[in-house]
Amino acid sequence: MNNNIETPESNYGQLTIAEATAIQEKLKGIVKLSPMEGEIKTIAGADISLDLYSDTVYAGMVVLSYPDLKPISYSLVKTTNIFPYVPGFLAFREIPGLLKVYEQLPVKPDCIMFDGNGILHARRMGIATHFGVLTDSVTMGCAKKKLAGIYADPGETRGDYSLVTDRGDTIGFALRSKNNVKPVFISPGHKMSLKDSMDITMQCLGKHRLPEPTRKAHEFVNRFRIGELKEGYHELEQWGLF
DNA sequence: GCGACAG
DNA sequence: ATCTTGTCGC
């Protein structure tokens, strides 16, 4: 694993942009983008929700069965935010809370989808890649807006996509996840290939623009923020899979 | 200097 | 990200 990596919970709050950039450059050497190994039986969506004028962060992950996409459990943790939002450094703002959420899961998912990018980043170190390296887990990103690179607008039909490139590298895809909606941006995070990220995303599309994992994660953290759901680890046992 | 800029 | 109402389209 990666026991030799500094723990972000205690350091990310007072980092300068220069120091944060240095950390991203350092972690780049560990990223693995070869084809994913093993079969996916569970996939988690990760996201956070914020209060308007508060520093409270509501972080959470929802684990779904795959490819059925039925929510089977979720982990929620309330933390205090310290690092501001700076384009290109989202990881330093959201990872501390998400690490606590991840640690709280008794059984880790086979893959995690983030509301943000993987290698589709100026230094190829989006939040999905950063988190994957820190936890040695399989991750990918699905963002709602472009962060870096250039791309041609994909066709208007669900499934149409184009490559997002930057300085000679293909760093992700602009995917039309639903007919006549703005495309979403897909990229691998860690321990999977570009193709894996696209295949997994297509498999996770329901009837909405956002794939089920991140759509559910977004829904759950918002219900957590307004008090509908409580902090902690919970299992959805409606139709018990025995 | 100017434009771009995940959440 | 968050606030916020109606409205258009499948």
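Lettering follows sequence order; numbering is per chain, from 1. The structure displayed is predicted, hence computed values, not measured ones.
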Taking only the side-chain nitrogens and oxygens of [X], find out if one of them lies under 4.0 Å from OP1 or OP2 of [N].
{"X": "A/R225", "N": "C/dC3", "value": "yes"}
{"X": "A/H121", "N": "B/dC5", "value": "no"}
{"X": "A/Y53", "N": "C/dT2", "value": "no"}
{"X": "A/N222", "N": "C/dT2", "value": "yes"}
{"X": "A/K144", "N": "B/dG7", "value": "yes"}

Scan [X] against the nucleic acid and name what it touches under 4.0 Å (heavy atoms): base, sugar-phosphate only, or nothing.
{"X": "A/F89", "result": "base"}
{"X": "A/L50", "result": "sugar-phosphate"}
{"X": "A/G141", "result": "nothing"}
{"X": "A/L120", "result": "nothing"}

Over how many whole Å does the gap from [X] atom [atom1] to [N] atom [atom2] extend?
{"X": "A/Y58", "N": "B/dG7", "atom1": "OH", "atom2": "C1'", "result": "17 Å"}
{"X": "A/R167", "N": "B/dA4", "atom1": "CZ", "atom2": "P", "result": "18 Å"}
{"X": "A/R209", "N": "C/dG9", "atom1": "CZ", "atom2": "P", "result": "19 Å"}
{"X": "A/I17", "N": "B/dC5", "atom1": "CD1", "atom2": "P", "result": "18 Å"}
{"X": "A/H130", "N": "B/dA6", "atom1": "NE2", "atom2": "C1'", "result": "15 Å"}
{"X": "A/R158", "N": "C/dC10", "atom1": "CZ", "atom2": "C1'", "result": "14 Å"}
{"X": "A/D115", "N": "B/dG7", "atom1": "CG", "atom2": "C1'", "result": "7 Å"}
{"X": "A/N117", "N": "C/dA1", "atom1": "CG", "atom2": "P", "result": "13 Å"}

Selected nucleotide, minimal atom distance to A/P87 side chain, candidates C/dT2, B/dG7, B/dA6: B/dA6
Hey, what's the ring geometry for A/Y74 with A/F220, parallel, tilted or perpendicular (30° and 60° as the breaks)?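 Taking A/F220 first and then A/Y74, their aromatic rings stand perpendicular (interplane angle over 60°).
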Would A/F185 pass as stacked on B/dA6, i.e. its ring centre under 5.5 Å from the base's six-membered ring centre and planes under 30° apart?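 The ring of A/F185 is not stacked on B/dA6.
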How about [X] and [Y]: are their ring centres within less than 6.0 Å of each other?
{"X": "A/F185", "Y": "A/Y151", "result": "yes"}
{"X": "A/H130", "Y": "A/Y12", "result": "yes"}
{"X": "A/F83", "Y": "A/F89", "result": "no"}

Just how far is it from atom CD1 of A/I171 to atom CD1 of A/I186, taken to the nearest 0.5 Å?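 If we round to the nearest 0.5 Å, A/I171:CD1 and A/I186:CD1 are 13.0 Å apart.
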